[in-house]
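First listed ligand is number 1; within each ligand, the first listed atom is number 1.
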Amino acid sequence: MELITFVVMTDSAKHQGQRRQLVKLLQEKGIKDAKVLAAIGHVPRHLFMDSGLEDYSYADRAYPIAADQTISQPYTVAFQTELLELKKGDCVLEIGTGSGYQTAVLLAYEGIKVYTIERQQELFKNTSLLFKKLSLKPKKFVFGDGYQGLPDAAPFQAIIVTAGAPTVPKPLLEQLAIGGRLVIPVGDKDQIMTRYVRKGAKAFDRKTFGNFRFVPLLKDKN
Ligand code: SAH
């Protein structure tokens, strides 16, 4: 895997040790993909946490970030990333950049192009600055409404939605390449993790993977 270097900010021996523990825990919880585990082991989650919460960075929990949103639980990040079944050369679209943690985990893959969309102005600004500071380079980071996907950059081999979608946005299905995977938590209060695989122009396989809880996927920009 490509080792992106987190240049500016610190990553102490203590953080690294806690991260190894986290990787072990995720393995015990059933994450098998070695590349996913390596990516989690590589990305310093403490650089994506809100200040004051740094001590909790390697607990397997979601935490609040700006604009009433959350940084996803590491298990959820690993689980969704595993379901994407990423391959070298894939173009991946993430809906809901938030803290940028999931984006960084995707960028830790070798040869993957990452596009990501955030609808909250405040998070878009904060996370743009953070990406610059850390020299993290998604192919595109867009301020916009993820319900629309990113038609200009389609098709995608993988699309990941990191907010709870009341319904599956049609544009996202349409922007999948043949063979492409959409991983999306579907539902209102609780969500069912769902994966669509595009088999043909109008043919999709759908499979579900248990219950999760996300902040809602909201329409338009804010
Ligand atoms: N991947 C993020 C998860 C953040 S929570 C992380 O690891 O930190 C979900 C994010 O989805 C929030 O930042 C929220 O503002 C964003 N979001 C909600 N609806 C959206 C939409 N329609 N388009 C793009 N982003 C959206």
Hey, which atoms in ligand 1 end up nearer than 4.0 Å to a heavy atom of Glu94?
-> 1 (N)
Do Thr81 and Gln102 get their side chains close enough for a donor-acceptor pair, meaning under 3.5 Å?
-> yes
Side chains of Thr116 and Glu94: donor-acceptor distance under 3.5 Å anywhere?
-> yes
If you scan protein heavy atoms around atom 22 (N) of ligand 1, the nearest is Leu218 O, 2.5 Å
Could you check Arg195 against Asp205 for salt bridge (Lys or Arg N to Asp or Glu O under 4.0 Å), going step by step and ending with a plain yes or no?
-> CA-CA 8 Å; Arg195 181 171 65 189; Asp205 265 3; over 6 Å; no
For atom 15 (O) of ligand 1, the protein heavy atom that lies nearest, with its residue and separation = Glu118 OE2, 2.6 Å
Nearest protein heavy atom to atom 14 (C) of ligand 1, by residue and atom, and its distance?
-> Gln69 OE1, 3.3 Å
For ligand 1, which atoms sit closer than 4.0 Å to a heavy atom of Thr97?
-> 1 (N), 2 (C), 6 (C), 8 (O)
Name the closest protein heavy atom to atom 6 (C) of ligand 1, giving the residue it belongs to and the distance to 0.1 Å.
-> Ser99 OG, 3.5 Å
Does the side chain of Ser72 reach to within under 4.5 Å of the side chain of Phe212, using non-hydrogen atoms?
-> no
Verify, without hydrogens or angle tests, whether Gln69 (side chain) and Pro64 (backbone) share a donor-acceptor contact under 3.5 angstrom.
-> no
For the atom pair NZ (Lys87) and CZ (Arg181), what is the distance rounded to the nearest 0.5 Å?
-> 4.0 Å
Which ligand 1 atoms does Ile117 reach within 4.0 Å, using its non-hydrogen atoms?
-> 24 (C), 25 (N)
If you count the atoms of ligand 1 from 1 in the order shown, which ones are under 4.0 Å from a heavy atom of Gly144?
-> 23 (N), 24 (C)
Does even one non-hydrogen atom of Asn222 get within less than 4.0 Å of ligand 1?
-> no
Give the other cluster members for Leu217, using side-chain heavy-atom distances under 4.5 Å between Ile, Leu, Val, Met, Phe, Trp and Tyr residues; answer none if it is isolated.
-> Leu93, Ile95, Tyr115, Ile117, Val142, Tyr147, Leu150, Phe156, Ile159, Val161, Val168, Leu172, Leu173, Leu176, Leu182, Ile184, Val186, Tyr196, Phe204
Test salt bridge (Lys or Arg N to Asp or Glu O under 4.0 Å) applied to Arg213 and Asp190, step by step = CA-CA 5 Å; Arg213 187 167 283 189; Asp190 279 81; 3.0 Å; yes
Heteroatom distance test (Asp220, ligand 1): nitrogen or oxygen, under 3.5 angstrom | no
At under 4.0 Å between heavy atoms, which part of Lys219 makes contact with ligand 1: side chain, backbone, both or neither?
-> neither
With heavy atoms and a 4.0 Å threshold, my read on which part of Leu123 contacts ligand 1 is side chain
Contact summary for Leu84 and Ala158, nearest pair of heavy atoms = CD2-CB, 3.9 Å
Which residue supplies the protein heavy atom nearest to atom 26 (C) of ligand 1, what is that atom called, and how far is it?
-> Arg119 CG, 3.6 Å
Taking only non-hydrogen atoms of Gln120 and a 4.0 Å limit, the atoms of ligand 1 in range are 15 (O)
Is there a path from Leu53 to Tyr101 through hydrophobic residues (I, L, V, M, F, W, Y) whose side chains come within less than 4.5 Å of each other?
-> yes
Near Gln102 (heavy-atom distance under 4.0 Å), the atoms of ligand 1 are 1 (N), 7 (O)
Can you tell me the protein heavy atom closest to atom 9 (C) of ligand 1 and the distance?
-> Thr162 O, 3.3 Å
Lys139 atom NZ, neighbour heavy-atom count above 12 within 6.0 Å = no
Quick one: does ligand 1 sit under 4.0 Å from the side chain of Val215, the backbone, both or neither, non-hydrogen atoms only?
-> side chain
Closest candidate by heavy atom, reference atom 18 (C) of ligand 1, pool Gly96, Pro216, Gly146, Gly98 = Pro216
Provide the number and element of each atom of ligand 1 under 4.0 Å from a heavy atom of Thr70.
-> 3 (C), 4 (C), 5 (S), 8 (O)
Between His46 and His15, what is the ring plane arrangement, given parallel below 30°, perpendicular above 60°, and tilted in between?
-> parallel
